[in-house]
Every structure is written in structure tokens, then in C-alpha cells.
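Quick notes on the structure that follows.
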Amino acid sequence: MSTLLHSVTIMTMTDDAIINGYVIVDDNGYFKDISSGVPTKEGMSSVDTVIDGKGKWLLPGLINTHGHLGSTFLRGAGDDIPLMKWLQTVMWPAESKFTKETVQNAASLALLEMIKSGTTTFLDMYHLHMNQMAELVINSKMRAVLCRGMIGLCSEEEQKEKLLESVQLYHDYHGANDNKITVALSPHAPYTCPPKFLEMVVDKAIEHNMWIHTHLSETNDEVVKHEEKYGLPPVEHLNKIGLFQNHCLIAHGVHVSENEQEILLEKNVSVSHNPMSNLKLGSGIAPIPIMMKKGINISLGTDSTASNNNLDLFEEMRFASLIQKGLYEDPTITRAMDVVQMATINGAKALRLNKLGMIQKGQLADFILINPNVPHLQPWDNSRVLSHIVYSVKGTDVTDSFVQGIQIMKDRQVLTLDEEKIMHEANNYLKLTDTASS
Ligand SMILES: [Zn+2]
């Protein structure tokens, strides 16, 4: 179905251009035309649907490159605790009690929250019921990279089972739903995956031409212990194991030395920067400006709602920009365009997704609309749109969302999910766990 959407202010991301005009999306969900001005009558009659953008802002759908959707119900379950203690006393014990239904309802809540705050593509690393997750993504009509998260602190037999599950997910869903789902391999982290297991992961990655996503160097403590145990810092060690041979995306990269950054650059490794999670868990602040200057691809992630505590990438952009300005006492160090790129073009590159992240002819038509008619976005003209997007917009200002040309949210109503049911199930979970623990 072809669509023409007019009367919008378009942030193309191809350069700093802001255009007042219209877009045309072809039958296959790609942008066919991006033009300034008003469409001709012939142009209007040549498409199946015409939508009046009513003066809204149009920009690429945001790309969240790190999260754990299945644990969304742990939002607010354990705040103000350091990472390792938090994993061991809050996350892992609670997750061990999750049923398939809990994971389904939690993931549905995350999908709803992401769509309602402007995300159209995301990466999910989770260890439970990923087939179910794939089906949820298909129904939601979003775009996703799915990874069966693997912890290797178990017998070799169990390790092999986990790998087998990951590869099966790849066979079953990679390229599914019009190529909107892709599948990657995901060893959880070097501190939960012994070198021998990581070697097995690398073998599988090469065998099936899969890429790898992993947590890496999130806390200083983890890096120190890794060096004590293996005699090498984590990035150097993983490079030696061959983890970066195919494409690799690491989450966090808060504590990486200059030497390790050179390895990341040389091996074309992307970094998913999760500033809010890193701040909340007291893990530190990633050396993003230095890595950016070197040419390392930096994308943005929220991590799970248990350490953030929301999935709003507009907030994430704002934090990514502000914390570095404060840290370096330099307001020029992370510009507004830098962080918008992290949440769009760089995210597409990090997830190995071509033709995504820009409003340009031939690109996939994943885009969102923002209603600027709210007090916190006044006054505005084209010269202020970029500034407002980074420093003023809230996820709730997003009114409409399209993935591959198909509308999934209209006037803040998500068309592909049952919002009322999802909210009900979320609160039901809390009631059930309260009853179980009392
Ligand atoms: Zn994570």
C-alpha cells in the first residue's frame, strides 16, 4: 500500500536539512520521494492513502540497541544497589520464578512503551522464551534483533543446549516477517561466560555467519577481576578469543582503555551506550567523546526497565548529551546532532541493518511524528527543531509511528497491541507476587 504524508516538517538526517514538505512511501515500505512544498494533485491521486501531517515533525523511528524485554516487570523492584549485588539479589532470583506468561506480558508492556515513545527498532537479549518473543514482535509489526542471552556458568552439556537454542532461533526467525526480524548470538558477558564457552560461541558465529552481542566492561570491578583471572583486560582477551571476527556490538564499554578502544576501532566493533543504566547502577560514565573521535560507532540503548527505569530514547539522548558536557566541562563535546545520530543512523549500523535510520529515497520507511503544539516545544521554527528534539521533547510527544510504511500508532493509539489488556496484566503480576510473598 503506497502512502503520501503531507504538511510535515522533516528531519532527514542526511545532513542538517529540515524540510517543510511531504514524503511518499511505495508499496514495499521504502521512501519513494521526499520533497519540500505541497504535493501535486497527480501525486495525491497516484497513491493508495493520503495522510495530513497537520504540521507535525517527521523523523526516523528511534533505534534501541540494548535491552531485556522479558524483565520489564522488575521496574522499581530493586533500586540503589550496585550491579553485581543487584543481579544476584534482585534480578536473578525474581527471574527464576518467571513463567512463560510472565515473560509474555512483560515483553508486551515493553513493546507498548517503546512504540509510545518513538522506538521502531530494538535489540532484545533475553534467556527465556525467545520464540514467544519473536511471535510478539511479528504481531506488533515492529523491527527487532533478537538474541537468546546465554550465561555459561553451567555444565558443558547445558552450554551446548543454550547454543543450540540460539542457532534454532536463527533458523526459525532470521529474516522473518519481511526481514523485520534478525537474530544474533549473545553470550551474556565475560564474567558469566568462561573462555572455553566463548570459543564455542565464536565457532557457531562463523559456522552460521551470525554476529555477536554481549555486555562488556560495564563496571571497573568486573574489569579488574577479569585481568586478575586471565592476565588480560576484557577487550584484549575477547579479541584473542576471536569474538570480534564477525560483526560485534558490545553493550556499555564504560571501562575500556585507549589501547582497548583501538582494538574496537580496528575490528569495527560498535558500542551500545546506555548512559541512564550506567548512572543508576553507579557503573560510571563511558568515554564516549574519545571513542567517537577515534571513529568507533556509538549507538544508544536503554538496558532493561529494572536499571533505567524507562524505555524512552528521547531521555536517553538527553542524558547522553548532558553527562559528557558536565564531565568534560565542555558544552561542545556532544552536540545535539551527535546524539540523534546515535539513536538513528548509528543504531542501524550497530544492528547491521541497511537502509535504515534516515529519511531518504530508497531507505526503509520507519518513521515517527511528533506533535509540536505543546508548551515545552514553543517557540519553534526549523532552526530550532533539532535542539527541541534533543533538549525538550518527551516520548509522550510522539503521536504516530510507521514501520516499513505500515502505521502502528495513530494519534497515540497503538494499532497493533491491546493496551488495556497489557496494562491490566502488568498490575496483575504485582498483585500475584505480593500474594505469593505474603
Ligand atoms: Zn543489559
Side-chain angles (χ1 to χ4, degrees), residues 63-79 81-92 94-95 98 103 106-107 110 113-114 119 121-128 130 133 144-153 162 166 184-193 201 211-223 226 234 238 243 248-256 269-286 298-313 315-316 319-320 342 347 350-351:
I63 300 175
N64 187 342
T65 58
H66 182 69
H68 313 277
L69 273 64
S71 62
T72 303
F73 284 172
L74 298 182
R75 185 193 331 257
D79 297 329
I81 309 171
L83 176 71
M84 218 41 85
K85 194 175 167 197
W86 174 75
L87 283 174
Q88 286 164 356
T89 62
V90 180
M91 296 300 292
W92 293 340
E95 286 180 321
F98 281 2
V103 174
E113 186 182 352
M114 285 197 284
T119 294
T121 296
F122 63 92
L123 177 146
D124 182 35
M125 178 208 280
Y126 208 58
H127 60 292
L128 299 169
M130 288 307 284
M133 185 66 216
V145 175
L146 302 180
C147 322
R148 194 264 188 234
M150 299 177 285
I151 287 184
L153 303 172
K162 289 176 182 179
S166 301
L185 280 173
S186 195
H188 175 265
Y191 60 88
T192 53
C193 295
V201 175
W211 60 272
I212 293 176
H213 175 55
T214 189
H215 292 105
L216 190 58
S217 302
E218 184 173 357
T219 64
N220 188 45
D221 182 56
E222 161 199 337
V223 172
H226 193 100
L238 263 52
L243 211 87
C248 184
L249 166 67
I250 63 164
H252 306 304
V254 177
H255 300 276
V256 281
V269 174
S270 291
V271 176
S272 176
H273 178 38
N274 294 212
M276 291 180 74
S277 174
N278 296 154
L279 288 173
K280 182 157 186 271
L281 290 168
S283 303
I285 296 174
I298 310 290
S299 62
L300 273 188
T302 54
D303 219 344
S304 86
T305 58
S307 64
N308 187 302
N309 289 4
N310 66 56
L311 306 176
D312 181 349
L313 275 176
E315 263 191 33
E316 213 68 42
F319 266 79
M342 288 179 198
L351 300 185

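Heavy atoms only: backbone and side chains are in, while hydrogens, waters and symmetry mates are out. Both counts, for ligands and for their atoms, begin at 1 and track the order of listing.
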Measure up the His215 and His252 rings against each other and bin them: parallel (under 30°), tilted (30 to 60°), perpendicular (over 60°).
-> parallel
Look only at the side chain of Arg75 and the backbone of Asn309, and say whether a donor-acceptor pair between them is shorter than 3.5 Å.
-> yes
Side chain proximity check, Leu351 to Thr65, heavy atoms < 4.5 angstrom | yes
Nearby protein N/O/S atoms (those under 2.8 Å) for the Zn ion (ligand 1), with water ignored | His66 NE2, His68 NE2, His215 NE2, Asp303 OD1
Lys/Arg-Asp/Glu bridge criterion (N-O < 4.0 Å) met for Lys280, Asp79 | yes
Check the pair Asp303 / Ser277 against side chain to side chain donor-acceptor pair (under 3.5 Å), numbers first and verdict last.
-> CA-CA 6 Å; Asp303 219 344; Ser277 174; 2.9 Å; yes
Would a distance-only check, ignoring hydrogens and angles, find a side-chain to backbone donor-acceptor pair under 3.5 Å from Thr305 to Thr72?
-> yes
